[in-house]
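Report on the structure given below.
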Amino acid sequence: MRRHVGIAAVLLAQTGLLVAIPLRTVRARLSGTEVTLETEPVDPFDPLSGYYATLAYLAERPTGPAGEFHENEPVWVTVERGEPAWKPFSVTRERPAPAADRVSLRGRWERGRGRIEGASRFYISEERREEVGSLLRQARQRALVDLRVGEDGTPGLLRLHVAGKTFGR
């Protein structure tokens with residue numbers, strides 16, 4: 001009997017972890033602040049996951065000197081409202097105080113930029129990948145991405161806009 005309780009406890013803990021991992025992203029997608037960022041996607045293929053656009057946001061590039069961060073260090077990427085996309089404001093170690101028309105996203109310092117965590121791959125169905133690739137070439141690899149940002153800075157991807165067409169939810 002004790003053995004069954006132990007196994008059940010381990011299974012419950014593992015299930016809890018599997019549910020908790022995407023929970024922040026789901027919460028952000030449901031109730032976060034909607035933000036549109038400009039990106040320079042590419043169209044690779046992962047044999048295990050399928051086709052996706054890897055997203056490198058212009059907001060991830062620091063606007064000032066970048067020598068103060070260490071590789072893989074947690075950072076906050078802050079953007080401010082702009083048209084058609086929100087504009088880079090800062091990349092900092094500490095989360096900035098909330099401000100009107102500004103949103104801060106969780107990130108990591110990677111290769112000279114504040115890479116936004118959890119928002120670097122936009123999955124594309126195999127049926128649409130040729131269309132997306134063609135549109136990206138026409139748009140000179142520029143696109144817009146809508147995402148929602150939760151109160152804790154977690155992003156949830158919503159839509160990809162390329163050359164007047166929208167992909168996603």
Side-chain angles (χ1 to χ4, degrees), residues 22-44 49-69 73-125 127-169:
L23 188 61
R24 289 184 1 195
T25 302
V26 170
R27 213 174 334 152
R29 289 180 67 174
L30 292 174
S31 63
T33 302
E34 191 161 324
V35 172
T36 299
L37 297 178
E38 189 173 358
T39 185
E40 300 168 319
V42 294
D43 190 22
S49 302
Y51 292 93
Y52 59 88
T54 299
L55 306 173
Y57 300 100
L58 299 182
E60 293 174 328
R61 296 178 185 150
T63 54
E68 60 193 73
F69 299 105
E73 178 179 1
V75 295
W76 289 92
V77 177
T78 302
V79 295
E80 63 183 346
R81 191 175 305 275
E83 288 298 326
W86 290 50
K87 307 292 181 204
F89 181 76
S90 67
V91 177
T92 57
R93 277 192 180 92
E94 301 296 321
R95 185 176 188 176
D101 293 335
R102 286 193 193 140
V103 173
S104 295
L105 300 100
R106 291 178 180 273
R108 283 225 171 260
W109 190 255
E110 292 179 7
R111 287 172 263 167
R113 64 189 317 149
R115 178 74 67 198
I116 297 170
E117 290 184 325
S120 63
R121 286 187 178 181
F122 191 90
Y123 289 91
I124 300 164
S125 67
E127 299 83 38
R128 310 249 6 225
R129 81 177 168 89
E130 289 298 327
E131 177 185 11
V132 172
S134 174
L135 289 170
L136 284 171
R137 283 187 293 280
Q138 287 175 18
R140 295 192 173 114
Q141 300 292 42
R142 296 288 177 151
L144 297 176
V145 175
D146 295 332
L147 41 86
R148 287 192 192 257
V149 182
E151 290 181 13
D152 64 351
T154 301
L157 291 169
L158 298 174
R159 294 171 292 275
L160 174 68
H161 305 279
V162 185
K165 288 215 172 186
T166 301
F167 303 90
R169 298 165 181 78

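Sequential numbering from 1 along the given sequence is applied to the chain's residues. Only heavy atoms go into these numbers, but all of them, side chains included; no hydrogens, no water, no symmetry mates.
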Out of the candidates L147, V35, T154, only one should pair with L105 under the side chain to side chain contact (heavy atoms under 4.5 Å, CB included) rule; please name it. L147
For E151, what residues pass the side chain to side chain contact (heavy atoms under 4.5 Å, CB included) criterion, not counting sequence neighbours? none
Check whether any side-chain heavy atom of R148 sits under 4.5 Å from a side-chain heavy atom of P155, and report yes or no. no
Looking at A119, is its backbone amide N or carbonyl O close enough to the side chain of Y57 to form a donor-acceptor pair, meaning the two atoms are under 3.5 Å apart? yes
Measuring only between side-chain heavy atoms, which start at C-beta, is P84 closer than 4.5 Å to L144? yes
Any side-chain heavy atom of E34 sitting closer than 4.5 Å to one from R159? yes
Side-chain (R106) to main-chain (D152) donor-acceptor, under 3.5 angstrom: yes
Rounded to the nearest 0.5 Å, what separation is found between the CG atom of L160 and the CD1 atom of I124? 6.5 Å
Across all chains, not counting sequence neighbours, the side-chain hydrogen bond (donor to acceptor under 3.5 Å, both in side chains) partners of T92 are none
Apply side-chain contact (heavy atoms from CB on, under 4.5 Å) to residues D146 and H161 and explain how you reach the verdict. CA-CA 8 Å; D146 295 332; H161 305 279; 2.5 Å; yes
Is R115 salt-bridged to E60, going by a charged N under 4.0 Å from an acidic O? yes
With the side chain counted from C-beta on, respond yes when T39 and F122 share a heavy-atom pair under 4.5 Å apart, and no when they do not. no
Taken in chain and number order and not counting sequence neighbours, the residues that satisfy salt bridge (Lys or Arg N to Asp or Glu O under 4.0 Å) with R137 are none
For K165, salt bridge (Lys or Arg N to Asp or Glu O under 4.0 Å) partners two or more places apart: E131
Which atom pair, heavy atoms only, marks the closest approach of E38 to A85? N-CB, 3.7 Å
Answer whether the closest heavy-atom distance between the side chains of V77 and R61 falls below 4.5 Å. no
Non-neighbouring partners of T78 that pass side chain to side chain contact (heavy atoms under 4.5 Å, CB included), sequence neighbours left out: F89, S90, P96, R102, S104
Closest non-hydrogen atoms of P88 and V79, given as atom of the first, atom of the second and distance, are CA-CG1, 4.5 Å
Which salt bridge (charged side-chain N to carboxylate O under 4.0 Å, His left out) pairs, counting each pair once, include a residue from residues 89-99, with sequence neighbours left out? E73-R93
Do the side chains of F167 and L135 get nearer than 4.5 Å, heavy atoms only? yes
One should read off an interatomic distance between R128 CZ and S134 OG, to the nearest 0.5 angstrom, of 12.5 Å
Pick one: which of L158, T36, L157 meets side chain to side chain contact (heavy atoms under 4.5 Å, CB included) with V145? L157
